[in-house]
A.B. asks: 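Please find one structure pasted underneath; my questions will follow.
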Amino acid sequence: MKLAIPTVDGEFTAHYSERGLAQLDFAGDQRSHSSDTLAPARASEWHKTTTLALKEILAGKNPAKLPPLDLSCGTEFQRRVWNALLKIRAGKTQSYGQVAEAINHPRSTRAVGGACGANPIPVIVPCHRVLAAKGRLGGFSSGLDWKVKLLNREGIQLC
DNA sequence: ATTTACAATATGA
DNA sequence: TCATATTGTAAAT
């Protein structure tokens with residue numbers, strides 16, 4: 001189930017499964033085109049929430065409500081990471097090391113980076129708010145431009 | 001089954 | 001500043 005989300009930054013694409021939002025693609029970044037045979041009844045309701053939340057985040061605000069997220073594709077470790085990322089508020093950042101500590105794997109900082117890269121729902125799961133230590137920028141799968149733009153919009157200054 | 005390469009970090013030289 | 005050990009995954013051998 002694929003639905004478009006028009007925003008000031010372009011058209012995002014949300015993918016829904018029976019459980020909820022399963023993937024979110026950046027504007028013009030069509031990676032996978034699976035057949036949308038499924039059409040969950042709740043999808044349109046979820047989509048409203050997703051659209052709202054996405055726009056709030058793009059505006060640098062904190063989303064009031066999120067749609068259900070289908071994280072069943074990831075390993076347990078990855079889901080822990082993503083869950084930890086969801087707790088980061090707009091305007092705040094965390095280092096990979098801090099995320100690692102938050103999920104009780106204080107030495108898995110590198111693995112955290114891997115989990116962020118595997119994150120199927122960028123922006124809503126704020127992988128862009130995770131910086132390397134000392135406030136340096138790390139990397140970003142869909143382009144560092146997005147990372148910088150989003151952070152600036154939230155009023156975060158990079159050193 | 002083993003080795004590499006990653007969006008990392010702390011430590012020791 | 002540079003080398004290295006550590007950790008979870010995926011991809012290559």
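Numbered from 1 within each chain, the chains take letters A, B, ... in sequence-line order.
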A.B. asks: With sequence neighbours left out, what residues match A:K48 under side chain to side chain contact (heavy atoms under 4.5 Å, CB included)?
C.D. replies: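 If we apply the side chain to side chain contact (heavy atoms under 4.5 Å, CB included) test to A:K48, skipping adjacent residues, there are no hits.
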
A.B. asks: Check A:V125, A:I124, A:I121, A:L52 against A:L66 for a side chain to side chain contact (heavy atoms under 4.5 Å, CB included) and give me the one that passes.
C.D. replies: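 Of all the options given, the one that passes is A:I124.
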
A.B. asks: Could you give the side-chain donor-acceptor pairs of residues 83-97 of chain A under 3.5 Å, partners two or more places apart or in another chain?
C.D. replies:
{"unit_1": "A:S95", "atom_1": "OG", "unit_2": "A:G97", "atom_2": "N", "d": "3.4"}
{"unit_1": "A:S95", "atom_1": "OG", "unit_2": "A:Q98", "atom_2": "N", "d": "3.1"}

A.B. asks: For the C1' atoms, the ones on B:dA10 and on C:dT9, what distance do you get once it is rounded to whole angstrom?
C.D. replies: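 Between the two C1' atoms, the distance is 22 Å.
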
A.B. asks: Can you name the side chain to side chain contact (heavy atoms under 4.5 Å, CB included) partners of A:A14, sequence neighbours left out?
C.D. replies: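 A:I5, A:Y16, A:L21, A:L24, A:H47.
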
A.B. asks: Return each pair, listed once, that meets ring pair (Phe, Tyr, Trp, His ring centres under 6.0 Å) where at least one residue sits in residues 107-130 of chain A; pairs must be two or more places apart or across chains.
C.D. replies: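 Passing the test, one end in residues 107-130 of chain A: no pairs.
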
A.B. asks: Between A:W82 and A:A115 (side chain of the first, backbone of the second, donor and acceptor by atom type, cut-off under 3.5 Å), is there such a pair?
C.D. replies: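 Yes.
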
A.B. asks: Counting runs of three or more consecutive pairs, Watson-Crick or G-U wobble, with each distance below 3.5 Å, where are the stems of DNA chain B?
C.D. replies: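 Stems for DNA chain B, defined as runs of 3 or more consecutive pairs: B:1-6 with C:8-13, B:8-13 with C:1-6.
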
A.B. asks: Ignoring hydrogens and geometry, is there a side-chain-to-backbone donor-acceptor pair from A:K149 to A:L58 under 3.5 Å?
C.D. replies: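 Absent.
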
A.B. asks: Treat primed atoms plus P, OP1 and OP2 as sugar-phosphate and everything else as base, then score nucleotides 7-13 of chain B 5' to 3': B for base contact with protein heavy atoms under 4.0 Å, S for sugar-phosphate contact only, - for none.
C.D. replies: BBS----

A.B. asks: Compile the donor-acceptor pairs under 3.5 Å between side chains in residues 67-81 of chain A and protein atoms, sequence neighbours left out, one pair per line.
C.D. replies:
{"unit_1": "A:D70", "atom_1": "OD1", "unit_2": "A:S72", "atom_2": "N", "d": "3.2"}
{"unit_1": "A:D70", "atom_1": "OD1", "unit_2": "A:S72", "atom_2": "OG", "d": "2.7"}
{"unit_1": "A:D70", "atom_1": "OD2", "unit_2": "A:S17", "atom_2": "OG", "d": "2.5"}
{"unit_1": "A:T75", "atom_1": "OG1", "unit_2": "A:Q78", "atom_2": "N", "d": "3.2"}
{"unit_1": "A:E76", "atom_1": "OE2", "unit_2": "A:R80", "atom_2": "NH2", "d": "3.2"}
{"unit_1": "A:Q78", "atom_1": "OE1", "unit_2": "A:T75", "atom_2": "N", "d": "2.9"}
{"unit_1": "A:R80", "atom_1": "NH1", "unit_2": "A:H105", "atom_2": "NE2", "d": "3.3"}

A.B. asks: Between protein and nucleotides 11-13 of chain C, what N or O pairs are separated by less than 3.5 Å?
C.D. replies:
none

A.B. asks: Counting only non-hydrogen atoms, which of residues 74-86 of chain A are less than 4.0 Å from DNA chain C?
C.D. replies: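 Close to the strand are A:T75, A:F77, A:Q78.
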
A.B. asks: Taking salt bridge (charged side-chain N to carboxylate O under 4.0 Å, His left out) as the test, write out the residues that go with A:R153, two or more places apart.
C.D. replies: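 For A:R153 the salt bridge (charged side-chain N to carboxylate O under 4.0 Å, His left out) partners, ignoring immediate neighbours, are A:D9.
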
A.B. asks: Which heavy atom of A:L151 sits nearest to which heavy atom of A:R129, and what is that distance?
C.D. replies: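 Closest approach of A:L151 to A:R129, heavy atoms only: CD2-CA, 4.1 Å.
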
A.B. asks: Can you list the residues that meet the side chain to side chain contact (heavy atoms under 4.5 Å, CB included) rule with A:S44, with sequence neighbours excluded?
C.D. replies: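 Residues passing side chain to side chain contact (heavy atoms under 4.5 Å, CB included) with A:S44: none at all.
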
A.B. asks: Could I get the full list of salt bridge (charged side-chain N to carboxylate O under 4.0 Å, His left out) partners for A:E101, not counting sequence neighbours?
C.D. replies: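 Once residues adjacent in sequence are excluded, A:E101 has no partner under the salt bridge (charged side-chain N to carboxylate O under 4.0 Å, His left out) criterion.
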
